[in-house]
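For the numbers below, each heavy atom of this structure counts, side chains included, while hydrogens, waters and symmetry mates do not.
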Amino acid sequence: MAKMNFGGVEENVVTRDEFPLDKAKEVLKDETIAVIGYGVQGPGQSLNLRDNGFNVIVGQRKESKTWQKAIDDGWVPGKTLFEIEEACERGTIIQYLLSDAAQIAVWPTVKKHLTAGKALYFSHGFGITYNDRTGIIPPKDVDVILVAPKGSGTSLRSMFLEDRGLNSSYAIYQDATGNAFNRAVSLGIGVGSGYLFETTFKREVYSDLTGERGTLMGAIQGLMLAQYEVLRENGHTPSEAFNETVEELTQSLMPLFAENGMDWMYANCSTTAQRGALDWMTPFHDATKPVFEKLYKEVASGNEAQRSIDTNSKPDYREGLEKELKELRESEMWRTGAVVRKLRPENN
């Protein structure tokens with residue numbers, strides 16, 4: 001573990017140079033990693049671990065759609081693919097990668113297989129941080145660890161196949177064996193992390209819920225929709241409004257400031273764009289910061305967690321979600337987006 005300076009603040013990080021894959025495999029050579037859940041994070045993490053040479057099995061409900069997906073990905077029923085309970089029994093490390101709502105429902109099954117010395121692994125701090133609401137309270141004689149890739153399971157897998165790494169956070173909630181750090185970091189390296197930075201379960205879930213509702217998904221959709229609507233209301237065509245709002249951002253500018261930073265991007269655009277961006281970033285900051293402050297308070301209070309638990313636990317949740325996503329998909333902005341994507345050169 002090394003100290004790195006981020007903007008004047010020192011943080012603990014682990015790189016693949018100081019903790020190489022061979023070391024991770026040595027740490028986990030006698031472990032059986034049981035990946036429970038094959039939905040969002042499960043496929044990417046389990047496939048990367050398998051391809052990196054770790055002993056991995058998958059636990060999934062046999063009647064679920066993702067059971068067949070696991071088979072299609074090369075997991076073999078009775079050998080590397082099992083029902084959840086059998087996978088938990090076989091695993092010495094249980095990677096608990098079900099959705100937050102499903103974790104609550106399946107917890108009694110998982111808990112009874114958490115015998116002394118095993119490790120319980122999460123990729124989200126939700127279940128542990130809000131355990132007064134989730135009921136997920138692990139036994140004291142197991143390690144409880146976290147590795148949270150900063151992106152989707154799909155991105156984790158695609159970047160792995162490109163020999164790249166997706167950065168992840170790691171945390172130790174409970175070190176019963178004295179080996180929790182090595183287990184966590186080895187798993188982080190094994191799933192394909194670029195580098196690992198230290199956090200806590202609470203900080204991970206607070207930042208994650210804020211980010212999802214903020215700049216990663218909620219805020220960005222709201223911001224783009226507001227600009228799109230203003231352009232349309234002032235006579236601009238759907239194509240023009242979408243290109244100026246979404247396409248230029250995602251296809252041209254995001255790659256630039258992802259690679260070189262916002263200051264570089266500002267320095268390499270027109271002087272007119274520079275002046276306007278510098279003048280208007282403060283009004284946008286001042287307008288949105290109170291919303292982010294309110295959002296963070298809702299996350300820290302547990303209100304956001306409870307809303308998620310209540311909504312996602314309803315029997316008709318999937319139907320309601322599909323209705324909301326259908327409305328989003330069929331909005332003018334995203335119907336225009338579907339056409340614009342088809343017109344990209346790589347799709348012609």
The criterion is ring-ring contact (aromatic ring centres under 6.0 Å, His included); which residues satisfy it with Y173, sequence neighbours excluded?
F201
Closest non-hydrogen atom pair between V142 and L114, with its separation:
CG1-O, 3.7 Å
Can a salt bridge be assigned to the pair K69 and D73 using a cut-off of 4.0 Å between side-chain N and carboxylate O?
yes
Go through it in stages, so that I can follow the logic: the residues are M333 and F242, the test is side-chain contact (heavy atoms from CB on, under 4.5 Å), and I'd like the CA-CA distance, side-chain angles, deciding distance and then a yes or no.
CA-CA 7 Å; M333 185 170 79; F242 187 87; 3.8 Å; yes
Under-4.0 Å salt bridge between E26 and K29:
yes
Does L81 form a side-chain contact (heavy atoms from CB on, under 4.5 Å) with V76? I'd like the steps, not just the answer.
CA-CA 5 Å; L81 176 62; V76 181; 5.9 Å; no
Could you go step by step and tell me if R16 and Y195 meet the side-chain contact (heavy atoms from CB on, under 4.5 Å) rule?
CA-CA 6 Å; R16 291 193 280 189; Y195 75 88; over 6 Å; no
Tell me yes or no: between the side chains of T237 and S239, is some donor less than 3.5 Å from an acceptor?
no
Is D143 reaching over with its side chain to a backbone N or O of A119, donor-acceptor style, under 3.5 angstrom?
no
The complete set of salt bridge (Lys or Arg N to Asp or Glu O under 4.0 Å) pairs with one or both residues in residues 34-60, sequence neighbours excluded, reads D51-R157
Any donor-acceptor N/O pair, Y266 side chain to L278 backbone, under 3.5 Å:
no
ILVMFWY cluster membership beyond M217 - transitive side-chain contacts under 4.5 angstrom
L216
Smallest separation among heavy atoms of N347 and K342, with atom names
CB-O, 3.6 Å
NZ/NE/NH1/NH2 to OD/OE distance under 4.0 Å, E204 and K150:
yes
Under 3.5 Å, is there a donor-acceptor pair linking the side chains of S186 and N182?
no
Which heavy atom of I94 sits nearest a heavy atom of C88, and at what distance?
CD1-O, 3.8 Å
For residues 87-102, pull every pair meeting salt bridge (Lys or Arg N to Asp or Glu O under 4.0 Å), keeping only residues two or more places apart or in separate chains.
E86-R90
Tell me if the aromatic rings of F126 and Y130 count as close, with their centers under 6.0 Å from one another.
yes
Side-chain donor-acceptor contacts of residues 245-257 below 3.5 Å, not counting sequence neighbours, with atom names and distances?
unit_1	atom_1	unit_2	atom_2	d
T245	OG1	Q227	NE2	3.2
T245	OG1	A241	O	2.7
E247	OE1	R344	NH2	3.1
E247	OE2	R344	NE	2.8
E247	OE2	R344	NH2	3.4
T250	OG1	V246	O	3.1

Which is it for I33 and Q95 under the side-chain contact (heavy atoms from CB on, under 4.5 Å) test, yes or no, and what are the steps along the way?
CA-CA 7 Å; I33 304 164; Q95 288 194 269; 3.0 Å; yes
State, without any angle test, whether S169 and T199 hold a side-chain donor-acceptor pair at a distance under 3.5 Å.
no
Can a salt bridge be assigned to the pair E298 and R213 using a cut-off of 4.0 Å between side-chain N and carboxylate O?
no
Who else is in F82's hydrophobic cluster (ILVMFWY, side-chain heavy atoms under 4.5 Å, direct or via others)?
I57
With V205 as partner, the option from V299, T129, L146, I128 fulfilling side-chain contact (heavy atoms from CB on, under 4.5 Å) is T129
